[in-house]
*Asks:* 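Next up is a structure, given as structure tokens.
Each ligand, and each atom within it, is numbered from 1 in the order the structure gives.
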Amino acid sequence: MRKHIFNAGPCKLPDSTLKNTAAAVLEFGNTGQSIMEVSHRSSDFQAVYDEAVALFKEVLSVPEGYSVLFLGGGASMQFCMIPFNFMKKKAGYVNTGTWSTAAIKEAKMFGEVVLVASSEADGFTYYPEFTIPSDVDYMHITSNNTIRGTELLTDPVSPVPLISDMSSDICSRPVDVAKYAMIYGGCQKNLGPAGVTFVIIKDEFLNNVVADRTIPTMLRYKTHVEKESMYNTPPCINIFAVKETLKWVKEMGGVKAMEKLAIQRADAIYNYLETSKMFRPVVKEGSRSRMNIPFLLKEGYEALEKEFIDFCKTKNIVGIKGHRSVGGFRASTYNACTMEDVNVLVDAMREFEKKNA
Ligand SMILES: *Cc1c(COP(=O)(O)O)cnc(C)c1O
């Protein structure tokens, strides 16, 4: 029986992604080969790659002049590739949690980091306001903070090239891609299995590459743009699965429909948390993510933590244990999470609360 999956990543994926990828593992089209066996240089695989890129561009309304890449290395590899390629002297960063902190650490190896804003002093419980300086080489933000559960739901206007880590909220709302020089993320939160990273990069931005630094071939964005993600062997099966998810997003009505569903899921959980006598939300109103919802037991009930996790297991709910840095619980409600999943969780909380009142 399929569980109610609230894992933060790898995450729940649409049934059609699982079914069609599983079928392609056994036989990819009529090729007589598995998607794991077929050459990445074959026309059959090229068609999969082209479709994934085209669907991504269509679903996100990516304007002309941008390239889409599917690479290995995870979002974490982008943390070092970005400053390696684009940081001449200094870059602006907003620190909104664990992943921004990791990105900042890498950037510091290549130049000066201007910390434009941070919510660290307040335990990253809100998304800080910020003004982007005009004298930095680029500005880096993390649109959704997977661990802390805060999200920036607008696309900032920036006087310098703007880069956003959208690992955990990609395709969950319409994005004005034109406002960004680059959008990237690990696919394992909203698009597919772990092992493939998406990069949407403005071709013009590639001219900003630091000229007087030697960048290894594999770590150069130009390499991957020129070779259309095929400089080396791309993660073929992962790209196939991402293509299936993008197809599903389109069939469901696109990112506008995804946003509507995301709002419904998050509202259902937050509405309950606001009225509960036993549970409380962690993130301040106005900064709340629709994708990751951390919550805690109220004072006096903290000892029930393990008991609630065990109770959830009996309801076939998995993945709600909180990140070790926040504690408590976290429900990750990505695109493939259904209202049914959410209702089962909220009912479980309600029942647990009644039982232990
Ligand atoms: C998960 C995550 C990462 C790290 O992704 P990897 O693909 O594991 O390197 C980076 N940023 C954000 C916002 C994430 O949620």
*Asks:* Measure Phe79 to ligand 1 on non-hydrogen atoms and call it side chain, backbone, both or neither using the 4.0 Å cut-off.
*Replies:*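 The side chain, only.
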*Asks:* What about Phe240 and Ile170, same hydrophobic cluster or not, with Ile/Leu/Val/Met/Phe/Trp/Tyr joined at side-chain heavy-atom distances under 4.5 Å?
*Replies:*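 As far as the 4.5 Å side-chain criterion goes, Ile170 and Phe240 are connected within one cluster.
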*Asks:* Could you find the nearest protein heavy atom to atom 8 (O) of ligand 1 and give me its residue, atom name and distance?
*Replies:*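 It is Gln188 NE2, 3.3 Å.
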*Asks:* Can you see whether Tyr66 engages Asp203 through a side-chain donor-acceptor pair at a distance of less than 3.5 angstrom?
*Replies:*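 Per modelled atom types, Tyr66 and Asp203 side chains form no pair under 3.5 Å.
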*Asks:* Using heavy atoms and a 4.0 Å limit, tell me yes or no: is Asn144 in contact with ligand 1?
*Replies:*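 Per 4.0 Å heavy-atom rule, Asn144 contacts ligand 1.
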*Asks:* Report the nearest protein non-hydrogen atom to atom 9 (O) of ligand 1: residue, atom name, distance rounded to 0.1 Å.
*Replies:*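 The closest one turns out to be Ser76 OG, 2.6 Å.
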*Asks:* Applying a 4.0 Å heavy-atom criterion (strictly less than), which segment of Ser167 is in contact with ligand 1: side chain, backbone, both, or neither?
*Replies:*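 Near ligand 1, Ser167 shows its side chain, while the N, CA, C and O stay back.
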*Asks:* Considering non-hydrogen atoms of the protein only, which is the closest contact for atom 14 (C) of ligand 1, and what is the distance?
*Replies:*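 For atom 14 (C) of ligand 1, the nearest protein heavy atom comes out as Lys189 NZ, 2.9 Å.
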*Asks:* With a 6.0 Å cut-off on ring centres, are Phe279 and Phe308 close enough?
*Replies:*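 Yes, the ring centres sit under 6.0 Å apart.
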*Asks:* Among all protein non-hydrogen atoms, which one is nearest to atom 5 (O) of ligand 1, and what is the separation to 0.1 Å?
*Replies:*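 For this ligand atom, the closest protein heavy atom is Ala75 CB, 3.5 Å.
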*Asks:* Is it the side chain, the backbone, both or neither of Ile147 that has a heavy atom closer than 4.0 Å to ligand 1?
*Replies:*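 Contact part for Ile147 vs ligand 1: neither.
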*Asks:* Establish, yes or no, whether a centroid distance under 6.0 Å links the rings of Phe70 and Phe198.
*Replies:*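 No: the rings miss the under 6.0 Å criterion.
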*Asks:* Check ligand 1 against Gly74 and write out every atom of the ligand that is under 4.0 Å from a heavy-atom position of the residue.
*Replies:*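 Once the distances to Gly74 are compared, the set is 7 (O), 9 (O).
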*Asks:* Take atom CZ in Arg2; do more than 12 heavy atoms of anything else shown fall under 6.0 Å from it?
*Replies:*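 For Arg2, atom CZ is crowded (more than 12 foreign heavy atoms under 6.0 Å).
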*Asks:* Can a donor-acceptor pair be found between the side chains of Tyr126 and Thr150 at a distance below 3.5 Å?
*Replies:*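 Absent: no donor and acceptor within the cut-off.
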*Asks:* Are the aromatic rings of His40 and Phe45 close, with centres under 6.0 Å apart?
*Replies:*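 Centroid separation for His40 and Phe45: 6.0 Å or greater.
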*Asks:* Could you check atom 11 (N) of ligand 1 against the protein and tell me its nearest heavy-atom contact, residue, atom and distance included?
*Replies:*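 Ranked first by proximity to atom 11 (N) of ligand 1 is Asp165 OD2, 2.6 Å.
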*Asks:* Considering Asn145, Thr98, Thr146 one by one, which has a heavy atom nearer to atom 15 (O) of ligand 1 than any of the others?
*Replies:*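 Nearest heavy atom to atom 15 (O) of ligand 1 lies in Thr146.
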*Asks:* Under a 4.0 Å threshold between the charged nitrogen and the carboxylate oxygen, would Glu274 count as salt-bridged to Arg280?
*Replies:*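 No.
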